[in-house]
Number of protein chains: 2
Amino acid sequence: MSPKITTELLKQLRQVMKNPKYVQEPVQAYIVPSGDAHQSEYIAPCDCRRAFISGFDGSAGTAIVTEQHAAMWTDGRYFLQAAHQMDNNWTLMKMGLKDTPTQEDWLVSVLPEGSKVGVDPFIIPADQWKRMSKALKSAGHDLVPVKENLIDTIWTDCPQRPCKPLITLDMSYTGVSWKDKIVALRSKMAERKVMWFVVTALDEVAWLFNLRGSDVEYNPVFFAYAVIGMNTIRLFIDGDRMMDPPVREHLQLDSTLEPEFRIQVMPYGSILSELQAVGAGLSAKEKVWLSDKASYALTEAIPKAYRYLTPYTPICIAKAVKNTAETEGMRRAHIKDAVALCELFNWLEKEVPKGTVTEIIAADKAEEFRSQQKDFVELSFATISSTGPNGAIIHYKPVPETNRTLSVNEIYLLDSGAQYKDGTTDVTRTMHFGTPSAYEKECFTYVLKGHIAVSAAIFPNGTKGHLLDSFARSALWDCGLDYLHGTGHGVGSFLNVHEGPCGISYKTFADEPLEAGMIVSDEPGYYEDGSFGIRIENVVLVIPAETKYNFKNRGSLTFEPLTLVPIQTKMIDVNLLTEKECNWVNEYHQKCREVVGAELERQGRHEALRWLLRETEPLARVQ
Amino acid sequence: MSPKITTELLKQLRQVMKNPKYVQEPVQAYIVPSGDAHQSEYIAPCDCRRAFISGFDGSAGTAIVTEQHAAMWTDGRYFLQAAHQMDNNWTLMKMGLKDTPTQEDWLVSVLPEGSKVGVDPFIIPADQWKRMSKALKSAGHDLVPVKENLIDTIWTDCPQRPCKPLITLDMSYTGVSWKDKIVALRSKMAERKVMWFVVTALDEVAWLFNLRGSDVEYNPVFFAYAVIGMNTIRLFIDGDRMMDPPVREHLQLDSTLEPEFRIQVMPYGSILSELQAVGAGLSAKEKVWLSDKASYALTEAIPKAYRYLTPYTPICIAKAVKNTAETEGMRRAHIKDAVALCELFNWLEKEVPKGTVTEIIAADKAEEFRSQQKDFVELSFATISSTGPNGAIIHYKPVPETNRTLSVNEIYLLDSGAQYKDGTTDVTRTMHFGTPSAYEKECFTYVLKGHIAVSAAIFPNGTKGHLLDSFARSALWDCGLDYLHGTGHGVGSFLNVHEGPCGISYKTFADEPLEAGMIVSDEPGYYEDGSFGIRIENVVLVIPAETKYNFKNRGSLTFEPLTLVPIQTKMIDVNLLTEKECNWVNEYHQKCREVVGAELERQGRHEALRWLLRETEPLARVQ
């Protein structure tokens, strides 16, 4: 990797920072955040502005350019990568280290008195604007919105914003019609006494209208906003995809509908002016509901007194609780995904000893097997295919420079998943194709114990996921080990593989309580720098639990694994398992045999079926 | 309990709310919070203003009186008590219930436009003022500080503010001299670049100067403030207690000291004007450090730009980490406390069957045995002595109206503790003096499993206590049971029995990480309304743990029980324990035998010793 040469680009950026064509007054600093206008985790190429200006293309980072300096804030995952990808014009600000200044403190230290700091108001979330603006103001500077994105003005070969055709999902996939979703949303709005709701997150727009897209890689979403009133529906979306007959029919655009379900289709770019018109027309006590992470531009369109901001929107919360059609779809998707992985692991078992399989080949093979399954759409994230020391890099993605050959002497970690029309998968298995060492087995078994502790946990209704995080670590902690990431995230239903408002992590506190129908991942791990990485990940469904007693009539919950892929028994030190844990593994494998076995049989994949049967032989615990 | 008649008092209060002698402009509402000027948990009689005006004397509650209404906000622990103690003038606002308005929302709903809401600026913490003021302002009202406390103006027989003699603690108790504590504090101040630190919490003043008092029941503190500069020490304290020769000598008031250690003693009431003088004299970049829970009055004395507010002060954090002298003192105190409880339980075992022991008699007997121990000062909180259904009332305190007789048919729960000059204790044991039912044993055993899960937990350095809370609940959760309180709180060293900044609770997130030397309680429970209550509480010391591995060189921690009182084996269903849990109980009891047994022997308490030996027979687990 050689760094991107940015001298000329920075010169151009510093010119437009003073150009009255773009800025009312010159700005002495310009902030380039990571995100897009929807605060998406995965962004389209046209939104990779921070990567364009700096060369650093990791998933998280904020660039700030002043007349003299250019600095990049990123976290520990990306210190090395950012250092490699950026040239000497840039200073790397290592977040999380004690001596690293915050963006605000740094700005205050380098800016001349009374400076203006510019940012694209569509990219910066309102809560972040507020924090930053306050800090700058108290030091005598001003954070100012710059309407035209200054990177876009110098990015001559910027790719077009994607505008790909839409997929309509019928009731067999969604369980609820978009009209019923609108009705439910309006009833939540009535409860909170708000008159308007602004949908800004791309997965929320997609979920609400039972539509999917492919504007962003891995996330089946499309660029759009929606503004829902008590009697109106406005959908802001570009392109001729609204001319597509199935889409028109799905949205009933040409039918005679009750007025409150008539969708007004408007240009994507008109959201701000339309929202400003809504804001201007509000009468006393009419509130507008927005996520507190919505962009500063859209939030400002509504006068402060009329805003109703919440960290989680009612759509985010409704979307997290899957209905029967969705959970059944997720089950089907996970069975197909398991078939693909049984094929893959059977293939790897034969091929790895030949020394011809690299991480990239293995990842491609996994995609090939998945793509053979019905309703496969695309991958749900970039496959983490890593062997030996690469396994210890938690967010690794094989590239030619790092590509390692799988062998019978190293642990192989595969974290991968797919989008199927009926569901989203995300599974990690850690395999050894030779003979693992006692130490590798020991570590694997602690991780497995943590995985089971979460998966088999019983907890009261109303419990937040972060309260389960320590269960996943207890066996590792007992031996002085740990892993430096959360234990689980919410998973969408043929939607984003990471979604709120629930999860299992020591880092969050404001997560919403778990409830039956929510789907999260359970993925403890252990990583030894320079040697190996271990992670065992299932996607699990929150289900009611039967318990002997029922305190305060609250009811209890537990998890049911949706992922049904064998956990390599070769890696397990059975003597470290309790009887209960041993039974859990055996029952899990029995279910893999029954459910995935039947599907392998049906698909005539006999060799993979034999592999499955071999890999799911019951463990025998020595007493 | 008959309610307090408040008609006349409310009339008087409403008059002073309009009286220009006390208010610049009439206030349409007046808030009477629970606290004192130091945000203490336990308050002196002269500070029980909310109880005076309403009759409700629970530990938590806020009264608001308007021209038309009087309302009391309190939480679930006190709904019944508040309803009994207040007359019809009052509306009870049940906090935690869905339909209960917040104080702000209620004020907005009942006040005429543009109202003034008064509060004593010395009683309301700054963070609470900020929240409330903002909410009121956005509805067109104003929160205004009323200098003279309006309750005090009508409280004709208000008790005097206590001003009792001080106790000086030498190095054998404190391990560190007050001068070294000042040096350490100044170094923390230098690190944060602050010039002044204002000590507002009573236990922080006491800790800093190695002094104790008895102005507040159960908490060995005295009314004082301190303001520490880089070269000055000001102690604000009333009474002739500063004339006491040992105190003068301890503080070296009459010695020739380096100027930076010379203590200026000033009247307690002069804190505000002195702090205002400090505030007025600040030059650029000179900051003043205060707790964000300090009173609005003191916080306002410092201009906003010069304030440095933190949730935990450096004293709070330093105080939590006990040094060797303190932990050794705590050990001694807990041994003495165990001697007293062995005596008590031995006595109860003989007396309860006679049917003559009530909850109050048992509590008094516990105090009697404790007071026989060396360096006993007072109880550390009001003894919870509860049998049968009273045990299910978590914050129960026996009074004549509820006083129940202990019997061989009911579970008895005793939560009690004492202040010794060398340490503070807090222990709960749950006993049965007849034959417990299988169900009672089952529940007790789940609670015990939770207690052990926390006590024996190993966790990395830097772990926050709230991450351990679920360990205490797991066994209960498995059977659909739970308890509705946190698992543990910090414990002072001959100081407050509840102290920050650490604890073990699902409710907090902003606790400071546990570190070796911190002392917390471990007290899971189970409560069945109308039948019984179970709680098992030890005070435990955070100590380094030896582990097989040491991930990232972080080191691990675990707990060592300081409390050494037998856990009634009769209540344990041994078959529900794992081998590891069974060993924990046996090793714990072995330590009780050795350590407390030796002390009982030394004190010639042979009958109690025989009881201890009987109660600590090893459990035998049936395989």
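In what follows, chains are A, B, ... by sequence order, proteins preceding strands, each numbered from 1. Basis for what follows: all heavy atoms, side chains included, without hydrogens, waters or symmetry-related copies.
- Both the backbone and the side chain of A:Phe471 come within less than 4.5 Å of a heavy atom in chain B.
- Of the atoms belonging to B:Arg554, it is side-chain heavy atoms, and not backbone ones, that fall under 4.5 Å from chain A.
- Of the residues considered (A:Glu546, A:Arg473, A:Lys548), A:Lys548 shows the highest number of contacts with chain B, using heavy-atom pairs under 4.5 Å.
- In terms of non-hydrogen atom pairs under 4.5 Å with chain B, the most contact-rich of A:Lys552, A:Lys304, A:Glu442 is A:Glu442.
- Going from atom OG1 of A:Thr547 over to atom CG of B:Leu481 covers 7.5 Å, rounded to the nearest 0.5 Å.
- Interface summary for chain B: among A:Ala456, A:Ser138, A:Ala305, A:Pro460, the most heavy-atom pairs under 4.5 angstrom belong to A:Pro460.
- A donor-acceptor pair is defined here as one N or O able to donate and one able to accept, closer than 3.5 Å; such a pair exists between the side chain of A:Ser470 and the backbone of B:Leu467.
- Only the backbone of B:Tyr527 has a heavy atom closer than 4.5 Å to any heavy atom of chain A.
- One finds the CZ atom of B:Phe459 at 11.5 Å from the CG atom of A:Asp478 (value rounded to the nearest 0.5 Å).
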Exercise. Can A:His466 and B:Tyr506 be said to form a side chain to side chain contact (heavy atoms under 4.5 Å, CB included), step by step?
Worked result: CA-CA 9 Å; A:His466 73 263; B:Tyr506 62 97; over 6 Å; no
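- Only the backbone of A:Lys507 comes within less than 4.5 Å of a heavy atom in chain B; its side chain stays farther off.
- Enclosure of atom CD in B:Glu191 by more than 12 non-hydrogen atoms of other residues, nucleotides or ligands within 6.0 angstrom is indicated.
- In terms of heavy-atom pairs under 4.5 angstrom with chain A, the leader among B:Cys479, B:Ser556, B:Ala457 is B:Cys479.
- Contact annotation for B:Lys464: neither backbone nor side-chain heavy atoms come within less than 4.5 Å of a heavy atom of chain A.
- For B:Thr463, the part sitting under 4.5 Å from any heavy atom of chain A is the side chain, from C-beta outward, and nothing else.
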Exercise. Hey, mind stepping through A:Phe551 and B:Tyr483 against ring-ring contact (aromatic ring centres under 6.0 Å, His included) and telling me if it holds?
Worked result: CA-CA 9 Å; A:Phe551 180 64; B:Tyr483 54 95; 8.9 Å; no
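- For B:Tyr549 and A:Glu528, the side-chain atoms include no donor-acceptor pair closer than 3.5 Å.
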